[in-house]
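Everything on this sheet refers to the single structure shown next.
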Amino acid sequence: MQRRHFLHCSACASAATLVGCGGPDPLPIEDSGPGLDAPAFDAGADVGQPDAGGPDSGPDAGPTCDDAFAGGTMLSVVPFVGNERTLEVSLGQGWDGRLYTDLSSVPEEPVVPNERFYIRTLDPDRLDRAAAWRIEVEGLADAATLTLDDVLMPGVRDMGLHVLECSGNGGPSFGLMSAARWGGVPVMEVLDGLSIDPEATAVEVRGFDDHSVPSAGGHSTPGAAWIFTFEQLAAAGAFFATEMNGMPLPNDHGAPLRLYVPGWYGCSCIKWVNSLRFVDATEPATDQMREFAGRTHQPREATLAVDFLPAIMDQSAMPVRVEKWRVDGEIVYRVYGILWGGSTPSDELILGWGGPNQQLVETCPPQTMNAMWTVWQTAWRPATTGEFSLRMRIEDDSIPTNRLDTGYYARAVDVDEV
Ligand SMILES: Nc1nc2c(c(=O)[nH]1)N[C@H]1C(S)=C(S)[C@@H](COP(=O)(O)O)O[C@H]1N2
Ligand SMILES: [Mo]
């Protein structure tokens, strides 16, 4: 297995610039771009990536991909078996309100526009938006009421590109996962402005969570709150977000203020934040932490907040789109996917499709940071027709990939022609 022309393939140029590896951002992030509505059915040398004209596509861009698809024709997109919901309209109400992002467009558009960003729990109908927003400081601290101006005092700034995944993102409904550029204020700066008692070790961040329509079957329990030690917040670079993709935070995503904890699952990223309660190590875990204990892979015996592990996303990967191509009279499948999460990420990523069948995929830019997802792709030539489960694996065994290794992110495709 060779690692050829990594960093230079055209599909990678936009992702590279988006994570800041390749000069100015060629994609205005508000622009929804051509996405899959305008697929490159007849690809020329550039394989139809929409970033032509970007800084990496000029004559000085160095060698381009020795592309397995150059001169070929894309015949179709091969649907995943047991296809996920990708409606991109909000469904349900209140706690059960959902919008599933169509992940197949991530290779063209790694930053998801606000109106397509996944939603888990819609804007609470009982939230009074006419009243001034207040954040109560409670517990082991001098009681105070913060207004948005207090919280924002040090100044809202760019907090970078980050992927968010619901811990309940899972087949067949992959799509509770998106990435955006966030703006806000680091949590630790806000805490620095408060008088916190010396015995406090952690803070419970609570959000408004009152909806008139209960969750069907009691699936979601009321009360959105997560407890973090100060060290956890500092280490993750947690921030209070007020902007998303250069726009004010949308109501469904927690306006006017949400917590964002880079690298942690979405369930810890409390929306509509209205209370900061300081606690010590005797504090029990919140209802929300218990509701999501299984999905955030907590030890069974965890009852106190301090017994909970950081709800981080281990490094994971999944195919997001499979295309069928004809190149030089031969059928070749083009598999695109994403790679994200982990604190010591590796880009040695392997696609397996049953038995001993496996090959290294091209990941670029190398996933040296865990904040944003990375796009990978590979030319896949299954030997026979039939249904195949495409399963990713990280080569380096020292990297924790428990969820990935259970087959959680495997996607099946039906190959009708080889
Ligand atoms: N107040 C409140 N915050 C919340 C939730 C909620 O139900 N209420 N859901 C959490 C869950 S489970 C997820 S995955 C993320 C989803 O954020 P998004 O809808 O902006 O994508 O918000 C989190 N914050
Ligand atoms: Mo979630």
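Remember, it's a predicted structure, so these values are computed and weren't measured experimentally. Each ligand, and each atom within it, is numbered from 1 in the order the structure gives. The first residue of the sequence shown is numbered 1, and numbering continues consecutively from there.
The side-chain tip of R334 points at the ring of F69 from less than 6.0 angstrom away and within 45° of straight on.
Residues R206 and T286 bring no donor and acceptor atom of their side chains to less than 3.5 Å of each other. Side-chain contact, E348 with S346: no donor N or O sits under 3.5 Å from an acceptor N or O.
For D128 (side chain) and A130 (main-chain N/O), a donor-acceptor pair under 3.5 Å exists by modelled atom type.
Screening F240, F117, F239 for a ring pair (Phe, Tyr, Trp, His ring centres under 6.0 Å) involving W182 leaves a single residue, F117.
Sorted by chain and number, the heavy-atom contacts of ligand 1 below 4.0 Å come from W95, F117, Y118, I119, R120, T121, L164, C166, F208, D209, A224, H253, R258, G266, C267, C269, I270, K271, W272, F292.
Listed by first and then second residue, the salt bridge (Lys or Arg N to Asp or Glu O under 4.0 Å) pairs that reach into residues 231-248 come to none, sequence neighbours excluded.
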